[in-house]
Protein chains: 2
Amino acid sequence: MTRTDPEALAFAQHDHGACAADALDYARGVCEQQGLRLTPVRERVLQLLLESHNALGAYDLLEKLKADGLGSQPPVAYRALEFLVAHGFAHKIERLNAFVACSRTHSGHSPAFMICRQCHQVAEAHATLASGKLGQAAKSIGFKIEKTVIEAEGLCPACQGSGA
Amino acid sequence: MTRTDPEALAFAQHDHGACAADALDYARGVCEQQGLRLTPVRERVLQLLLESHNALGAYDLLEKLKADGLGSQPPVAYRALEFLVAHGFAHKIERLNAFVACSRTHSGHSPAFMICRQCHQVAEAHATLASGKLGQAAKSIGFKIEKTVIEAEGLCPACQGSGA
DNA sequence: TAATGTTATGTTATAATATTACATCTCCAG
DNA sequence: CTGGAGATGTAATATTATAACATAACATTA
Ligand SMILES: [Zn+2]
Ligand SMILES: [Zn+2]
Ligand SMILES: [Zn+2]
Ligand SMILES: [Zn+2]
């Protein structure tokens, strides 16, 4: 339940076992508090997402669920993802049509992502779009922003070193 | 070839006939200058995108191409779109898996979009992500941004009025 | 002009992503 | 218990996208 909240964790050296365990504990705690049901399928999908900082497609997850004896048809994966995304435990990366576990503790945050095109890791940062250039443009013309997709693609520090 | 460059044109009242005609002329000029081939299929797809400020899916376009006797299989549409996107005459809206014509004159710009969830119009603005919060985070951790996806979803001014 | 290489198009097939619809099961409130 | 709500299982299908290969159009130059 008590998690640190660094920017771009995925590209920093860190104890990922603890990183994943903390995130899972945090999700369990939030669900308990809010009366949400972190069912076996949902929890397993979150665990799978937490295994790395890479984005996983619904069908990648589905294969692993199947291996666990937990449903093998697309809706099983999509429904679990829908729950996780709706409650902020995971995010969809639109650029990749794939999903990552959330690495933050705030609920109701608007995340931004850095996607490494080489190692495919995805780091999450917090974006305050409303304050940026687009936010200003939106305000000035009267567009009411409800949700944002902010994804940067490029090379992570490690991959820049290794002859990219 | 000489186009004005307002922010969020789609949500402002404007002479859309001229808007589309100018964009097409502009694309023709750029192609001539740069030795790019704006072939019939490519030009037709651009025209179709320019007919409105709504995003069109590849299969929407394909139907219209078929009606024109211009190829009816997915690769025809996807290849034309690939050309248009590569040269900055169109953009993909990742959130919608659909495409819009570019409404700007700069080449090499990094666009941002406002998508109205009600009327489905898409307005383009110019985003300088590198200068915003995410840009700072990227710089501080050494992530090298090559491309950005910035899309805001919400309600345009007109749709806020009409009981949304 | 004819030969050649290159780019664009046409076409078939298939992959990858996502949703609809409906039957069944589980859990809890009453 | 029993009814209702939410979650899961499953089949079928829709939507988006690409791979692979054949042909056509166009340019260069012999
Ligand atoms: Zn980690
Ligand atoms: Zn990387
Ligand atoms: Zn217009
Ligand atoms: Zn609108």
Side-chain angles (χ1 to χ4, degrees), chain A residues 27-28 31-32 34-49 54-87 89-100 115 120 149 151, chain B residues 27-28 31-32 34-49 54-87 89-100 115 120 149 151:
Chain A
R28 283 181 181 136
C31 287
E32 181 140 2
Q34 305 188 7
L36 303 172
R37 297 173 53 186
L38 192 59
T39 61
V41 178
R42 292 167 178 178
E43 180 167 322
R44 185 67 186 124
V45 168
L46 182 54
Q47 278 179 1
L48 291 168
L49 290 177
N54 287 53
L56 292 179
Y59 284 78
D60 297 331
L61 292 164
L62 195 56
E63 272 187 31
K64 304 188 188 205
L65 288 180
K66 193 189 316 200
D68 292 352
L70 277 172
S72 61
Q73 301 301 319
V76 175
Y78 281 102
R79 284 190 291 227
L81 288 166
E82 184 182 33
F83 171 88
L84 295 172
V85 168
H87 296 96
F89 305 127
H91 303 292
K92 179 169 188 182
I93 307 297
E94 298 289 346
R95 189 68 211 286
L96 303 176
N97 294 318
F99 301 81
V100 289
I115 307 166
H120 301 114
V149 173
E151 298 169 2
Chain B
R28 283 181 180 137
C31 288
E32 181 140 4
Q34 305 188 7
L36 303 172
R37 295 173 56 188
L38 191 60
T39 62
V41 178
R42 291 167 179 177
E43 181 168 320
R44 185 69 185 123
V45 170
L46 181 53
Q47 279 179 1
L48 291 167
L49 290 177
N54 287 53
L56 291 178
Y59 284 77
D60 298 331
L61 291 164
L62 196 55
E63 273 188 30
K64 304 189 189 205
L65 288 179
K66 191 187 317 199
D68 292 352
L70 277 173
S72 61
Q73 301 304 317
V76 174
Y78 281 103
R79 284 192 289 228
L81 288 166
E82 184 182 34
F83 171 88
L84 294 172
V85 168
H87 296 96
F89 305 128
H91 303 292
K92 180 170 188 181
I93 307 297
E94 298 289 346
R95 189 69 212 285
L96 304 177
N97 294 319
F99 300 83
V100 289
I115 306 167
H120 301 113
V149 173
E151 297 169 2

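A, B, ... follow the sequence lines: proteins, then strands. Residue 1 opens every chain.
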A:Glu151 side chain to A:Ile93 backbone, donor-acceptor under 3.5 Å: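 The answer is no, because no donor-acceptor pair under 3.5 Å joins these two groups.
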Any donor-acceptor pair under 3.5 Å linking the side chain of A:Arg44 with the backbone of A:Leu65? no
Check: B:Tyr78 side chain, D:dA19 base, donor-acceptor under 3.5 Å: no
If you take atom types as modelled and just measure distance, does the side chain of B:Tyr59 reach the base of D:dA17 with a donor-acceptor pair under 3.5 Å?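 Checked by distance alone, the answer is yes.
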So if I apply the side chain to side chain contact (heavy atoms under 4.5 Å, CB included) rule between B:Val45 and each of B:Val76, B:Leu62, B:Leu70, B:Leu84, which one comes out positive?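 Output: one option passes, namely B:Leu84.
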Scan B:Leu56, B:Asp60, B:Val85 and name whichever one has a side chain to side chain contact (heavy atoms under 4.5 Å, CB included) with B:Phe99. B:Val85
Candidate nucleotides [options], ranked by approach to the side chain of [X] - the nearest:
X       : options                : result
B:Arg42 : D:dA7, C:dA8, C:dT17   : C:dA8
A:Pro75 : C:dT19, D:dA17, C:dA8  : C:dT19
B:Arg79 : D:dT16, C:dG10, C:dA18 : C:dG10

Which residue, B:Asn97 or A:Gly71, contacts DNA chain D at a nucleotide closer to its 5' end, judged by nearest heavy atom? A:Gly71
Nearest-nucleotide 5' precedence on DNA chain D, A:Arg37 against B:Gln73: A:Arg37
By the 4.0 Å heavy-atom rule, please label A:Lys92 as base, sugar-phosphate, or nothing.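 Sugar-phosphate: the residue A:Lys92, judged by heavy atoms under 4.0 Å, touches backbone atoms but no base.
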Would you kindly give the [atom1]-to-[atom2] distance between [X] and [N], to the nearest whole Å?
X       : N      : atom1 : atom2 : answer
A:Asp60 : C:dA18 : CG    : C1'   : 14 Å
A:Glu82 : D:dA7  : CD    : C1'   : 12 Å
B:Leu81 : D:dT18 : CG    : P     : 11 Å
A:His87 : D:dG6  : NE2   : P     : 12 Å
A:Leu62 : D:dG9  : CG    : P     : 11 Å
B:Leu61 : D:dT16 : CG    : P     : 11 Å
B:Asp68 : C:dT9  : CG    : P     : 14 Å
B:Leu96 : D:dT16 : CG    : C1'   : 13 Å

Want to settle it: does B:Val41 or A:Phe99 sit nearer the 5' end of DNA chain C, counting the closest nucleotide to each?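 Closest to the 5' end, via its nearest nucleotide, is B:Val41.
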B:Ser72 vs C:dG10: side-chain N/O to OP1/OP2 distance below 4.0 Å: no
Please work out whether the ring planes of B:Tyr59 and B:Tyr78 are parallel, tilted or perpendicular, with thresholds of 30° and 60°.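 Perpendicular: the ring planes of B:Tyr59 and B:Tyr78 meet at over 60°.
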